[in-house]
Amino acid sequence: MSAPELDMLKEELLDAVARAPDLAALEDVRIAALGKKGRVADLMLLLSDMPPDERRAFGQAANTIKDAVSLAIDAKRAELARALTAEKLAHERADVTLPVREGPLADGRIHPVSQVTDELTEIFADMGFSIAEGPDIETDFNNFTALNIPPEHPARQDHDTFYFAQRPDGERPVLRTHTSPVQIRTMLAEKPPLRIIAPGRVYRCDSDQTHTPMFHQVEGLVIDEETHLGHLKWVLEEFAKAFFEVKQVKMRFRASYFPFTEPSMEVDIGYAKVGDEIRIGEGDEWLEILGCGMVHPNVLKNVGLDPERYQGFAFGLGIDRLAMLKYGMPDLRAFFAGDLRWLKHYGFPPLAIPTLAAGLSL
Ligand code: PHE
């Protein structure tokens, strides 16, 4: 093959590259030119039949063609890719300001208990708490004994416990009467410092306008080496302000008794009733929302923690109560009646996910 022929081949290949309309066509051109059975490979085959003095010059010429074509392909590929992106950007636009289309998704409602649980979780997670969980069916030890409520302790009577039948091994499981057994589970499983909340269902044999046999609590537990009552008050005040979305709350800490905390307190929140509306942070009516206190040394001992070194606080909040208060729902029993009309009225749109940044209740 003569030098002019080689030049013609080079021009032909470069021309094919230049005219490739898209990436797929360019790939075909590449295979036809530089592939194992391509035009440049054909040139290399000719080498073996040549006298040595011609071979060198011919080999160099063939390589020059190969390099030129492969450079041209790379450049063309980049150019086509850029064009493709520009084309996509021009046509694939989404108007993110469009409203969500009406449909089954927009019809469904989130139950107020789920919504309020998400709100609580968001607030405490922001304060550095992690989420712990425990089962609804508990051992007597976790629900009572480890919490400093031994058998025959009078506090057991307050709980209206649902007991299961006794098992052959003597164990008599209960439906947990509070979320406090999650304190025990957490302290047995992890080493301090601990900072958890544990939302969940609890059960007591009780039913009227403000009590249902199943309801919801969120437990809080902090264990560290220098934790005191001031921390507890701060956490609860910050929580109440964030939850009720007000700048100031009135809180009243009343001395109380729980076997698993010492000292123990019940916390009331101040509100005013204006017509049918409840206004948090004003007025001089009080509503109890939670029980709390410093974890009792006996509880720490029961889970193998040294009370001389560790201490902390715990609290238990009624979630359903908080929901009634915040969203003005008068009857607790309606929460669990499964009436779709109630859910349509009090439920939350599924995309109204509570975040501190966007506002808890949209
Ligand atoms: N478990 C208690 C109840 O259900 C609430 C509570 C939790 C009190 C933690 C103190 C500390 O009434």
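Counting convention: from 1, in listed order, for ligands and their atoms alike.
- Of the charged side-chain nitrogens involved, none lies within less than 4.0 Å of a carboxylate oxygen, so that D160 and R204 do not count as a salt-bridged pair.
- Within the listing of ligand 1, atoms 9 (C), 11 (C) sit less than 4.0 angstrom from a heavy atom of A314.
- Distances between N or O atoms of Q217 and those of ligand 1 include at least one value under 3.5 Å.
- In this structure, F260 counts as a contact residue of ligand 1, since one of its heavy atoms falls inside 4.0 Å of the ligand.
- Tested against R185 for a salt bridge (Lys or Arg N to Asp or Glu O under 4.0 Å), the candidates E219, E138, E190, E133 yield a single pass: E138.
- Each of R167, R156, R176, R172 was checked for a salt bridge (Lys or Arg N to Asp or Glu O under 4.0 Å) with D140, and the lone residue meeting it is R156.
- Ranking protein heavy atoms by distance to atom 9 (C) of ligand 1, first place goes to E219 OE2, 3.3 Å.
- When non-hydrogen atoms are compared, ligand 1 lies under 4.0 Å from the side chain of S180 (C-beta onward) but not from its backbone.
- Looking at atom 5 (C) of ligand 1, its nearest protein heavy atom turns out to be G316 CA, 4.0 Å.
- An N or O contact shorter than 3.5 Å is missing between T261 and ligand 1 by distance.
- In this structure, R309 pairs ionically with E225, as a charged nitrogen and a carboxylate oxygen lie closer than 4.0 Å.
- With a 4.0 Å heavy-atom cut-off, ligand 1 is reached by the side chain of R204 but not by its N, CA, C or O.
- Atoms of ligand 1 lying under 4.0 Å from at least one heavy atom of Q183, given by number and element, are 9 (C).
- Residues F144 and F260 place their aromatic rings such that the two centres sit no closer than 6.0 Å.
- Checked for salt-bridge contact, R30 and E27 meet the test: a charged N lies under 4.0 Å from a carboxylate O.
- Placement of L232 and L322 within a single hydrophobic cluster is found when ILVMFWY residues are connected by side-chain heavy-atom separations under 4.5 Å, directly or transitively.
- Each of the atoms 8 (C), 10 (C), 11 (C) of ligand 1 lies under 4.0 Å from some heavy atom of C292.
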